[in-house]
Novice: 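Can you keep this structure in mind? I'll have questions shortly.
All values below come from the heavy atoms of this structure, side chains included, with hydrogens, waters and symmetry mates left out.
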There are 2 protein chains.
Amino acid sequence: MLNYQAPLDLAFQALADPARRAMMDRLAQGPASVSELAKPLPMSLPAVMLHLKVLEESGLVKSEKVGRVRTCRIEPQMLSQAERWISERRQMWERNLDRLGAFLEETKPEHEK
Amino acid sequence: MLNYQAPLDLAFQALADPARRAMMDRLAQGPASVSELAKPLPMSLPAVMLHLKVLEESGLVKSEKVGRVRTCRIEPQMLSQAERWISERRQMWERNLDRLGAFLEETKPEHEK
DNA sequence: CTGATAGTTAAGTATATGCTTAACTATCAG
DNA sequence: CTGATAGTTAAGCATATACTTAACTATCAG
């Protein structure tokens with residue numbers, strides 16, 4: 001698997017670009033077509049297609065074409081997975097701080113308690 | 001500001017690399033030196049330094065050097081900020097689904113309720 | 001002072017990313 | 001059928017990313 005990219009690699013990579021976050025912002029309001037996604041963005045349509053491709057390959061977005069319109073929508077599972085990864089590390093760090101605090105408290109000389 | 005990168009660009013970019021996420025994993029357990037961070041990683045020390053630089057510039061990690069040892073630790077605020085961005089979009093999307101569900105419920109013919 | 005440890009800097013390279021314009025296809029409305 | 005709309009593909013280019021090795025500096029232990 002020389003070219004394998006872990007799901008979180010792709011998800012965070014996708015979220016690292018302001019244009020793609022703007023697209024996610026729009027999609028958070030509800031499904032949208034490619035041109036709706038493109039309208040506020042200062043770039044060509046093909047560029048938006050590339051960003052959409054990145055979002056889809058990351059699993060953050062799915063789309064289907066009906067007639068000539070491709071409708072895109074958020075895939076919340078991948079969003080949750082990314083959120084959970086961050087949350088777990090932050091919580092681990094905080095528990096760590098708490099343990100340190102407790103340790104300092106316990107080893108404090110009596111008169112400082 | 002031709003070279004400005006929004007905080008979230010940098011944070012998500014930093015989290016997009018498996019080596020950097022491994023470093024964050026280690027740091028979630030508590031502070032660590034550069035070589036402790038490097039030990040499990042299949043790359044040279046200079047490469048680890050570059051990853052550390054990316055993490056620091058993103059605000060996810062801070063470090064200070066005492067003697068010849070540089071000690072690195074997680075900066076939880078930036079982690080929270082990234083988490084919040086994702087969480088907000090996911091929740092917005094879910095509220096959206098709920099509204100759609102309610103709408104379908106309300107407009108359903110009587111006999112299907 | 002001397003060697004080992006911890007980190008840093010520099011230079012070079014391969015690949016990936018983020019666009020562009022031009023040309024094209026497919027669908028729909030009248 | 002015809003023109004407008006929505007999207008797609010291809011080719012090309014500039015810059016950024018993720019490393020490498022070699023050489024160097026700073027600190028500490030004895």
Novice: Could you give the distance from CD (A:Q91) to CG (A:N96), rounded to the nearest 0.5 Å?
Specialist: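 If we round to the nearest 0.5 Å, A:Q91:CD and A:N96:CG are 13.0 Å apart.
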Novice: Take atom CD of B:E56 and atom C1' of C:dG7, then tell me their distance rounded to the nearest Å.
Specialist: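 So the CD-C1' distance, B:E56 to C:dG7, works out to 13 Å.
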Novice: So how far is it from B:M23 CE to B:I74 CD1, rounded to the nearest 0.5 Å?
Specialist: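 The CD1 atom of B:I74 is 11.0 Å from CE of B:M23, to the nearest 0.5 Å.
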Novice: Identify all pairs in which a protein N or O lies below 3.5 Å from an N or O of nucleotides 20-29 of chain D, and state each distance.
Specialist:
from: D:dT20; atom 1: OP2; to: B:S44; atom 2: N; distance (Å): 2.9
from: D:dT20; atom 1: OP2; to: B:S44; atom 2: OG; distance (Å): 2.6
from: D:dT27; atom 1: O2; to: B:R68; atom 2: NH1; distance (Å): 3.0

Novice: Nearest whole angstrom, please: distance from the C1' of D:dG7 to the CG of A:L37.
Specialist: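 Result: 13 Å.
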Novice: According to the Watson-Crick and G-U wobble definitions, with both distances under 3.5 Å, which nucleotide is paired to C:dG30?
Specialist: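 Paired with D:dC1.
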Novice: State the CD-SG distance between B:E36 and B:C72, to the nearest 0.5 angstrom.
Specialist: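 With rounding to 0.5 Å, CD (B:E36) is 9.5 Å from SG (B:C72).
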Novice: Between B:H51 and D:dC19, is there a side-chain N or O to OP1/OP2 distance below 4.0 Å?
Specialist: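 Yes, within the criterion.
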Novice: How close or far is atom C1' of C:dT17 from atom CD of A:Q5, stated in whole angstroms?
Specialist: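 Going from A:Q5 (CD) to C:dT17 (C1'), I get 12 Å.
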Novice: Evaluate the criterion side chain to side chain donor-acceptor pair (under 3.5 Å) for residue pair B:S58 and B:Q13; output intermediate values, then yes/no.
Specialist: CA-CA 8 Å; B:S58 77; B:Q13 183 67 262; over 6 Å; no
Novice: In whole angstroms, how far is the C1' atom of C:dA10 from the NZ atom of B:K53?
Specialist: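 Whole-Å distance recorded here is 12 Å.
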Novice: Could you tell me the separation between the CD atom of B:E56 and the CG atom of B:L10, rounded to the nearest 0.5 Å?
Specialist: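 B:E56 atom CD to B:L10 atom CG measures 13.0 Å (nearest 0.5 Å).
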Novice: Does this structure show an ion pair linking A:R90 with B:E83, if we count only N-O contacts that are shorter than 4.0 Å?
Specialist: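 The answer is yes: the pair qualifies as a salt bridge.
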Novice: Using whole Å, report how far CE of A:M49 lies from P of C:dT20.
Specialist: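 Interatomic distance, CE of A:M49 to P of C:dT20: 14 Å.
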Novice: Could you tell me the Watson-Crick or G-U partner of D:dA18, where both distances fall under 3.5 Å? Say none if there is no partner.
Specialist: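 D:dA18 is paired with C:dT13.
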Novice: Counting side-chain heavy atoms from CB outward, which of D:dT17, C:dG7, D:dG7 is closest to B:V34?
Specialist: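 Of the candidates, C:dG7 comes closest.
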Novice: Roughly how far, to the nearest 0.5 Å, is CD1 of B:I86 from CD of A:Q81?
Specialist: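 These two atoms lie 10.5 Å from each other.
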Novice: Give the rounded distance in Å between these two atoms: NZ of B:K39 and P of C:dT5.
Specialist: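 These atoms are roughly 13 Å apart.
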Novice: What is the distance, to the nearest angstrom, from the CG atom on B:D9 to the P atom on C:dT17?
Specialist: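 Between P of C:dT17 and CG of B:D9: 15 Å.
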Novice: Between atom CG in A:L52 and atom P in D:dT9, what is the gap in whole Å?
Specialist: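 Answer to the nearest Å: 12 Å.
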Novice: Find the partner of D:dT25: check Watson-Crick (N1-N3 plus N6-O4 or O6-N4) and G-U wobble (N1-O2, O6-N3) distances, both under 3.5 Å, and reply none if neither fits.
Specialist: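 Per the H-bond distance test, C:dA6.
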